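The structure appears below as structure tokens.
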Amino acid sequence: MDFSFLGKSVELGRIDGELRHLWETDDASTKASLVNFALYNEDPRSLADNHQMVARLTREHACRALLIAVDRDQPAPAARAWITAHCQLANGDRAICSEQVAFLIGGGGAEMIRNVVFAHLDSDLPLVFWWQGDFSDAFEDRLYSIIDRLIIDSGSWSRDPAGQFARLQQAHEDPSSRFVVNDISWTRSFHMRQGLAHCFDDAPSLRALPTIDRLQLTVAPHRQVAGLMLVAWIAARLERGITTDGSDVRLTDHHGQTPDIRVEVVDDPKPGVCIRSLELSGPGCRFQLHHDLGDSHLQLLSDTPGHQMRHVIPADHEDEADLVSEQLQRAGVNRLYFEMIPGLRRLLVRA
Amino acid sequence: MPSNPFKESLISRQRPGPCSLVIFGATGDLTHRKLIPALYNLAVDGELPPQTKVLAFARRDKTDDDFRSELEEANRKHSRQGHDDAIWRHFAESIHYHRSEFQDDQGYASLADRLDQFDHQRGAPANRLFYLASAPEFFEPIMTHIRQADLNRPADGCWARVVCEKPFGTDLKSARSLNQVVSEAFDERDTYRIDHYLGKETAQNIMVLRFANALFEPLWRNRFVDHVQITCAENLGMEGGRGGYYDKSGALRDMVQNHLFQLLSLVAMEPPIGLSADAVRDEKVKVLRSLRPLVGPEQVGANVVRAQYTAGSVDGVVRPGYREEDRVDPASMTESYVALRLFIDTWRWSGVPFYIRVGKQLPKKATEISVHFKATPQIPFNTDAVRGGKNVLVIRIQPDEGIALRFLSKMPGSALRMEPVKMNFHYRDSFGKTSPEAYERLLLDAMAGDATLFARRDEVEAAWKFIDELQHAWHESESPPPMASYPAGSWGPKEADQLLGQDDRVWRRL
Ligand SMILES: NC(=O)c1ccc[n+]([C@@H]2O[C@H](COP(=O)([O-])OP(=O)(O)OC[C@H]3O[C@@H](n4cnc5c(N)ncnc54)[C@H](OP(=O)(O)O)[C@@H]3O)[C@@H](O)[C@H]2O)c1
């Protein structure tokens, strides 16, 4: 494979010196860094995509980027490294640059990977770690205990998603860890969730909420997880249990005071956006959120007897880089996310 | 009413409920340049509460469509995040025009009808925010009519609030009477006096810097701080007909009474006991109350320098003198520049001077606060270089928001030579994004009921009390301190340099 696009090939032991040299010879640029941003993938081909990804993300987020690719097929322990910088013009004159160090590591196991990360962090800055794909044995406590923010995409997990969530939860609860989780699949419905909150901001809609008996979701087939998260979140917010019987899914009231909500998750016949529509309805009322392909905004409709309200709010991003950029911008903890997970695991087991 | 279960914790701040915003004087410059672009940008970010209605109150005859297209043009020019036709169209549907004189009873009766109609369309009564974007002389008729039409009384479970624009009075007496007028219609907790400096990101950051970092607070006192400077420089004069308003006001009343005293309070306040609006404002007002009064022409003359610019040039462009400006009285005694030496009589700040300067036609536009620390006591390092290079912490409010720290470092080489060097933090470089405009934050806070970034009645009155004495010495005493002068494009009068020179200090070079 040709990795020349990653910049200058350097020996691992000389990375710091080479980086210094990079800046010494350049007067017009300023090195900026707000976080250490590691992108980890167990496929060497990921380096090309991740290199592009960092080029895009550094437009908004100055960082020290560490691209780490693991080659599981390599027999003997070995590691290669490359350095480069991503620069953007600021105020039309000065270039603001982020450093990137790329690693290709083979045959060394978890410890070798971890030590590479440890050795090349910019001191004192937080570590954002994007773990791409399924968790492996390299995801262990001495690694995750130094992570401040863990980015994952649970929708990309290929093996036993419910088991992967259990693994994530266990790491998160481990006393040695302190990371916040940013799940790209969860971020895909961020504005949808805000939009749903908007729909119930007025009294007539709120009064109609307990009469709702149907939830319909149209989701792109490859984004099922994002859709199920939304269902699990709604159940958690309404304090409903989730019962499944074959394809029949219901949100049930433990106290039996409100009707069951029948859940239908429909594959979008024309996929293009992750979640095309979300509709909650009951006798005489309907709350609809709709996102059309190519539209930067979500259309909201609340329809209750004698009262109709329409509103637009920004729609969720579709593109992975935009989603990660949004995550890097937001602080926040994970209370709602982890509150939703037990319900999601039920739904995943059924699926 | 039960609460909205989906709303909780999605976002870190309270999301305001549906609201009707009535802007009095809505055909004016402020609405076009600031308020509408701010609301539009809130809509773009999805922060504007759903079912918001904007009702624009002014006296000229216009249709909704006329008015919307005027605003559209202004928004294209002034919006921070550009202009998207689809979002604008939806947002503009919520804007309506209401033609009436401020003094017309009928106009308020029909205003009440329209607000009821909006509520009817929403299916429930909504909150009401009245924004006084008119000249202050109209506050009284507007407030009286709002009260007579019962508009200040919110429906059950809702609120009614008022936002007042600056200037809030021209002296203590007028501020008190405005406060009285407003308080007859609205409680203090529903009164939001705008000071847009407080909406700026860096002003808000002063408290974070001071109280969330263990590093600074222990040093933030007379034992370690030599003095503090606050500078607000503008490189413009009386362009665009500003002279008419400015000549009646002057630098002291236009800038110091409100904006600079707010910055001073933030820098000098004690840690608040909580982050509630009143906890913060309780501490801020104590600073203003502890300002050592300057009474009589002698004290004022010794501690305050006032000046006007004479003809000169800024950035290569020739500028007229202040008295030659459009709409300025040729015999004007209004100051376009003022520098003050202030003392805050508290344990923390005893003996530490606070120097404030603000002026027009200075070389550049910059607002910043600098905290100058004392020199180290140790003899071996206390050389001339050290004396000239004491530690300075600079908080840049605008433009180029950020923080810089100056400290001494050894120059490379075999001799022990020390030079001041600078550690520099720029908001833009680190956070990548442009900060929201002050008005976006402030409008949203007023809707969400967070008054932390608004001036409270006692703050305004304490500030005027101090300022009144200076105005009195200048304009009503028998031997008023002189009016100094400075050429346009210079850093102010030499008298201001002498004010610091007497104390063996110099103004920071910006
Ligand atoms: N402009 C700024 O950037 C700025 C910044 C800070 C503070 N402020 C303060 O904000 C306030 C408004 O400033 P502005 O620049 O927007 O003022 P402006 O351009 O002079 O606008 C005045 C507004 O008041 C209306 N008005 C005047 N007399 C009226 C009457 N008798 N009945 C009904 N409406 C009447 C005018 O309506 P018609 O057009 O229909 O006559 C117009 O909408 C002032 O207190 C100012 O000090 C302004």
Side-chain angles (χ1 to χ4, degrees), chain A residues 30-34 57-62 88 90-91 94 96 190-191 193-207 209-210 233-234 236-239 295-300 302 304-315 325 328-333 335-336 339, chain B residues 1-13 15-19 41-53 81-82 84-91 93-94 118-127 155-158 399-400 424-434:
Chain A
T30 305
K31 182 183 74 167
S33 182
L34 207 57
L57 288 173
T58 48
R59 280 180 218 155
E60 292 232 337
H61 307 279
Q88 336 282 341
N91 312 330
R94 240 170 57 249
I96 304 287
F190 175 78
H191 288 101
R193 284 176 272 136
Q194 277 205 316
L196 191 62
H198 270 315
C199 286
F200 293 92
D201 258 340
D202 58 275
S205 304
L206 204 50
R207 273 195 299 273
L209 183 57
W233 171 74
I234 291 172
R237 298 313 310 154
L238 295 178
E239 297 180 16
D295 201 346
S296 63
H297 278 68
L298 269 180
Q299 312 281 336
L300 274 51
S302 301
T304 49
H307 174 55
Q308 207 182 60
M309 185 277 283
R310 285 177 193 279
H311 194 58
V312 291
I313 63 162
S325 178
L328 293 176
Q329 249 155 51
R330 284 180 203 284
V333 285
R335 207 172 55 74
L336 286 179
E339 206 176 278
Chain B
M1 192 166 92
S3 58
N4 178 348
F6 298 117
K7 210 155 125 174
E8 194 210 357
S9 303
L10 266 181
I11 32 177
S12 54
R13 77 206 312 285
R15 179 182 284 285
C19 164
N41 279 284
L42 289 174
V44 170
D45 291 340
E47 301 251 32
L48 197 63
Q51 311 188 65
T52 299
K53 286 278 186 191
Q81 303 183 87
D84 176 307
D85 286 325
I87 303 173
W88 174 263
R89 229 176 295 122
H90 184 270
F91 169 63
E93 278 171 20
S94 66
F118 293 155
D119 285 352
H120 185 73
Q121 287 164 15
R122 293 187 187 102
N127 304 308
D156 271 357
C158 297
D400 185 24
N424 214 343
F425 161 75
H426 300 266
Y427 259 67
R428 205 175 358 200
D429 296 352
S430 293
F431 296 111
K433 299 188 73 168
T434 53

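The chains referred to below are lettered A, B, ... by the order of the sequence lines, with proteins before strands, and numbering in each begins at 1. The structure displayed is predicted, hence computed values, not measured ones.
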Bottom line for Gln121(B): the part with an atom under 4.5 Å from chain A's heavy atoms is backbone
OG (Ser205(A)) and CZ (Arg122(B)) are apart, to the nearest 0.5 Å, by 12.5 Å
Rounded to the nearest 0.5 angstrom, the CG-OG distance for Leu57(A) and Ser325(A) is 6.0 Å
Whatever's closer than 4.5 Å to a heavy atom in chain B on Ser296(A) counts as side chain
Among Gly123(B), Ala124(B), Pro50(B), the residue with the most heavy-atom pairs under 4.5 Å to chain A is Pro50(B)
| What orientation do His90(B) and His311(A) show, parallel under 30°, tilted 30 to 60°, or perpendicular over 60°? | perpendicular
* To do: Verify whether one side chain among Asp202(A) and Gln51(B) offers a donor that lies under 3.5 Å from an acceptor in the other.
  => yes
d(Asn4(B) CG, Leu196(A) CG) to nearest 0.5 Å is 8.0 Å
Honestly, the part of Asp84(B) sitting under 4.5 Å from a heavy atom of chain A is side chain
Cut-off 4.5 Å, heavy atoms of chain A, and the answer for Leu48(B) is backbone
Whatever's closer than 4.5 Å to a heavy atom in chain B on Leu298(A) counts as neither
d(His198(A) NE2, Met309(A) CE) to nearest 0.5 Å is 8.5 Å
Under 4.5 Å to a heavy atom of chain A? For Pro125(B) that would be neither
If one checks every heavy atom of His297(A) against chain B at 4.5 Å, the contacting part turns out to be side chain
